[in-house]
Amino acid sequence: MLDKKYDWKAVEGKIYDAWEKSGYFAPEAHQPSADNPNAGKPFTIIMPPPNANGSLHIGHALFVATQDILIRYKRMKGYKALWLPGADHAGFETQVVYTKKLEREGRKFWDTPRDQLYQEILDFTLANKSHMESQLRALGASCDFSREKFTLDEDIKKVVYETFKRLYDDGLVYRGARIINWCARHQTSLSDLEVVSPELDDTFYYFKYGPFEIATARPETKFGDKYVVVHPDDKRYKDYKHGQKFELEWINGPITATLIKDDSIDVDFGTGAMTITPWHDSADFEIAERHGLDKEQIIDWQGRLLPIAQEFAGQHISKARPAIVEKLENKGLLVKKEAYKHTVPQCYKCGTAIEPQIRPQWFVAMTKKPRPKGARLAQRIWAAILRRKSLRDLALSAVKKGEVQFVSERFKNEFLRWMENLRDWNISRQIVWGIRIPAWYKGEEVYIGENSPGEGWKQDEDVFDTWFGSGQWPFATLMTTKKGDFEEFYPTDVMETGWDILFFWVARMIMLGKYRTGKVPFKTVYLHGLVRDKDRQKMSKSKGNVIDPLGVAEEYGTDAVRMALIAGNAPGTDPVISEEKIKGYRNFATKIWNMAKYVFEFAKEEGDGALDKKVLDEYEKVRADVSRYFDEYKLHLACEIAYHYVWHTVADDVIEANKRGEVSLAMLKKIFRGCLIMLHPFMPFVTEELYQKLPFEDKEDFLMVENW
RNA sequence: GCGCGUUUAGCUCAGUGGUAGAGCGUCUCAUUGACAUUGAGAAGGCCAGAAGUUCAAUUCUUCUAACGCGCACCA
C-alpha cells in the first residue's frame, strides 16, 4: 500500500543515499544489456564548477536540473554517462567576497600578510565547497563525486603550469609593459571582459594648446601631454610638419610640444587635433608606440596625481579636475565646454572608474602564430597538429567547421563576431587568491616553472586570471581523475552553461582545449540565460525577489522545482520561474502518486481491453517524440510533452477507459511504467520512489538504470 | 555607430506553413468512488503593424514601430 500522499521530505534524502551507495553515478558502474546499441559509448558532461564563495542560487539549480536531466536520459539509454562535478576557487570574485566579509568584521584586507590571507580564504572556500556539495545532492544531481575536482587541486595546478610553459615556449604568452585596465579600489588589473562601459553624461572641454585647439573629457590627465596629433590629410593643419616643435603656455607654465601626424585621427571629431596621454589611454599608447614617443605616468595606483602635476600632486583625480579646469580658464586657455555623452569604463564589480595604466603583465597572444623554441622546437608532431595557427584561429576554424555546435544557433554568430575582434588577454592579477604565476626573474632573465630555479630568483607576485585556469577545465579535470579518463571521455559531449560567460569561459576553453589537446573540449555548447521572476525581473537580494532553490525544494519537493525550471523555458532565453509555477508541478507529483495508487490498488482487472492497441500506439509515439526532443536538446519540449501526456492522456483518458473496462490492467501497468521512465530524468525522486515500491515485473534495482 | 533578440490568453512564457498551448489568475459545477496539493467544464487571443511568397502565413521573406541586450580606442 502506498501512503496517502507523496511525502518528499521523507523520500528524497533516502532515495539519494541509495543512489549514491549503488555507485551508479560512476560511468563504469552501470552495465546495460549487451544488445543495447549504446553500451560502452561514453557520454560526458563536465559540470561548470560553481564559485565556492557562497551558496547555490536558482541559477545553479537551473544548470543542475538541465545537466542532470541530460545525464539521466543518456544513462537510461545505456551510455557510459559521466557527469564530473567540481568547484571553482573563483579568484577575484572570491577575494572581493572575502574582503567584504573582513570589512564586516572590522578588519582590513591588506593589513593581513599574504600567506595568511591565502590560508584564510582557502578555509573559507573549502567550507563553502563542502556546503555546495550537499546542496548538489539535495537537488538530485547524479554526478560522480568520486571524480570531483577543485580548481586549486595540486594536480590541476600542474596542468595549468604546463599549459603556461608551453604557451611561453611557443611564444604565445609574453610579458610586456602594456596598457591594462586598472581598478584603483581593488588594486588589480582586469581583462577587457571585466570592464563595463555604461554611457554617462559628462563635459567635453576645448582648450587652447598653442596654435591648436584641442578637446578632452579628461583635463586631469593633460599635465604630461607634449604631443599634438593630427591626421596627415587634414587640410587645416597642412602647414605643420610631422615632428615640428613649438612653444606654448600650458597648465603649469610654458612647455615645448611636438606635432605628430597619424592616420588614426578622426578629422571630423572635435577639432581634429588632440594631445595624447600614452600612459593612461590605450589609443594614445598605440600612437606613442608607432612613433616612438615618450610615455609618462600622471596618475598613481590609487588614482591620485603624481608630482608632475606640481600644485595638484597628491589630489585624487576626481577632485583635481574642476580645479584644473578653473586654472586653465583663469589663464584664458579654456575655449568652451560642451555637454557630452560618452561611455566610461568601470570595474564590473564595484563600478569604480577604470584607469588605464602601463604595467608589466603577462598577456596571452590571441592572433600571433606559435613560434616553437627550445625543447618545443623538437616536438614536430605537435607543431603539425597546431598547423601554426594562432589561438584565435584554432577556435574560429573549430567553430566554423562545426566541430563545436551551439544551442541555440544564434550564439554561434555572436561567438564568431567576438572572436574576430579579439585583443590580447591580460592574465596577470594583483590579488592573492589564485594560482601564482610560475614565472621567475633574475635581472633580465625569465624562467618559467613551478619551482625556483635557484638562488637569487624572485617569483612573479601576481596570480593568474581565474579564467586562464578554468579555461583548461575540461582537459585538466579528465587528465587528473582516473587513469584512462582523458582518453575515454575527452572530447566531452556537452558544455551547458550561461550565455553570460560565453566569452569569459567557453571561448577560452575552446582556444586552450584546441591548443593543448588538438581537439575541441566539447562537441555541443548548450547555453541558458539568467533566471528571472514572474515579472521578468532579475533576482536580487535588494529587490527581495530571490528564490532560494533549496528552500522551495524543501517546501514543494525537488522534482517540482526542477520541472518549473525546465518547462516552458527554451534554451538561450532567460528562464522565468515563480513559486506559483513550482506549486503547479508539485500538484503534478501528487497526481503521479495518485495514478500509481489507482493502477496498483484500484484498477479494474476485467474488461475486453478494446482500446489497448490504440493506447499502446499513442504511448509509443509520445515516447519517440520525447526521445527526439531530448536528442535535439529541446528539454523544455520533451518535458511538456511528457507532462501533458501523463496528465491529460494517461490520467484523464486511459485510466477512465480502464474504469469502463476498455483498457486492460496489463496495458495500464505497462503504460504507467513507461510514464515513470519518461518522467524520471525530470522528476527523479517521485518516480524512483514509486518504482521501488511498486511490484513491477523484471525490475532493475533502480529506475535510474532502467532501460529507456 | 555596428550587430542581435523580443513582441502570442489578464500576468509570465512555450509552440506551429493548414480549427492556437502551459503555469498562475477568473467563472460554473462536482465532495464518503485513485487524486480537494482534486475532477469536469467555461470564458478569454484578427499570435505588434504593413507588404510579399503560397492553394493556405501567427509560423517563411522584407520593411516599420516599441522594448531589451551585446560589441566598439572616437580624444
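Chain identifiers are assigned alphabetically (A, B, ...) following the order of the sequence lines, protein sequences preceding nucleic acid strands; residue numbering begins at 1 within each chain. Bear in mind that the values here come from a model prediction, so they are computed numbers and not experimental data. FYI, side chains are in, hydrogens and waters are out, and symmetry mates aren't considered; it's all heavy atoms of this structure.
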Side-chain N or O of [X] less than 4.0 angstrom from OP1 or OP2 on [N]?
{"X": "A:Lys634", "N": "B:A14", "value": "no"}
{"X": "A:His636", "N": "B:A22", "value": "no"}
{"X": "A:His644", "N": "B:G21", "value": "no"}
{"X": "A:Arg423", "N": "B:C73", "value": "yes"}

Ring centers of A:Trp425, A:Phe363 separated by less than 6.0 Å: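 Not close enough - the centres of the two rings lie 6.0 Å or further apart.
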
Using ring centroids (six-membered ring only for Trp), state whether A:Phe630 and A:Phe682 fall under 6.0 Å.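 Yes, the ring of A:Phe682 comes within the 6.0 Å limit of the ring of A:Phe630, centre to centre.
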
Looking for any heavy atom pair under 4.0 Å, which part of the strands does [X] touch: base, sugar-phosphate only, or nothing?
{"X": "A:Lys5", "value": "base"}
{"X": "A:Ala215", "value": "base"}
{"X": "A:Phe269", "value": "base"}
{"X": "A:Arg410", "value": "sugar-phosphate"}
{"X": "A:Thr343", "value": "base"}
{"X": "A:Trp647", "value": "sugar-phosphate"}
{"X": "A:Tyr643", "value": "sugar-phosphate"}
{"X": "A:Glu656", "value": "base"}
{"X": "A:Tyr585", "value": "sugar-phosphate"}
{"X": "A:Ile577", "value": "nothing"}
{"X": "A:Asn413", "value": "nothing"}
{"X": "A:Ala217", "value": "nothing"}
{"X": "A:Leu637", "value": "sugar-phosphate"}
{"X": "A:Gly272", "value": "base"}

Which whole number of Å gives the distance between the [atom1] atom of [N] and that of [M]?
{"N": "B:G17", "M": "B:G52", "atom1": "C1'", "result": "15 Å"}
{"N": "B:A56", "M": "B:G18", "atom1": "C1'", "result": "6 Å"}
{"N": "B:G21", "M": "B:A9", "atom1": "C1'", "result": "10 Å"}
{"N": "B:U7", "M": "B:C60", "atom1": "P", "result": "11 Å"}
{"N": "B:A65", "M": "B:A51", "atom1": "C1'", "result": "15 Å"}
{"N": "B:G25", "M": "B:U64", "atom1": "C1'", "result": "34 Å"}
{"N": "B:G10", "M": "B:G41", "atom1": "P", "result": "23 Å"}
{"N": "B:C55", "M": "B:G45", "atom1": "C1'", "result": "26 Å"}

[N] pairs with, by Watson-Crick or G-U criteria that keep both distances under 3.5 Å:
{"N": "B:U19", "answer": "none"}
{"N": "B:G45", "answer": "none"}
{"N": "B:G5", "answer": "B:C67"}
{"N": "B:U38", "answer": "B:A30"}

Working to the nearest 0.5 Å, report the span between CE of A:Met495 and CH2 of A:Trp505.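 The distance works out to 4.0 Å.
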
Does NZ or CZ of A:Lys659 come closer than 6.0 Å to the centre of the six-membered ring of A:Tyr598, within 45° of the ring's axis?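 Because its charged atom sits under 6.0 Å from the ring centre and within 45° of the axis, A:Lys659 does stack over A:Tyr598.
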
Can the positive tip of A:Lys337 be found less than 6.0 Å from the middle of the six-membered ring of A:Tyr205, inside 45° of the ring normal?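 Not satisfied by the 6.0 Å and 45° rule.
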
Could you give the NZ-to-P distance, from A:Lys591 to B:A36, as a whole number of Å?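 A:Lys591 atom NZ is separated from B:A36 atom P by 10 Å.
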
Counting only side-chain heavy atoms from C-beta out, which of B:A75, B:G70, B:A34 sits nearest to A:Tyr340?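 The listed nucleotide nearest to A:Tyr340's side chain is B:A75.
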
Find which nucleotide of RNA chain B each of A:His648 and A:Asn587 is nearest to by heavy atoms, and output the residue with the more 5' nucleotide.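 It is A:His648, whose closest nucleotide lies nearer the 5' terminus.
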
On RNA chain B, check which nucleotide each of A:Lys4 and A:Glu580 is closest to and give me the residue with the more 5' one.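 Counting from the 5' end, the first nearest nucleotide belongs to A:Glu580.
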
Can you spot which of A:Ile324, A:Ile299, A:Ile317 makes a side-chain contact (heavy atoms from CB on, under 4.5 Å) with A:Thr221?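 The option that passes is A:Ile299.
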
Using 30° and 60° as the class limits, which term best fits the ring planes of A:Tyr643 and A:Phe588: parallel, tilted or perpendicular?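 Rings of A:Tyr643 and A:Phe588: perpendicular, as their planes differ by over 60°.
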
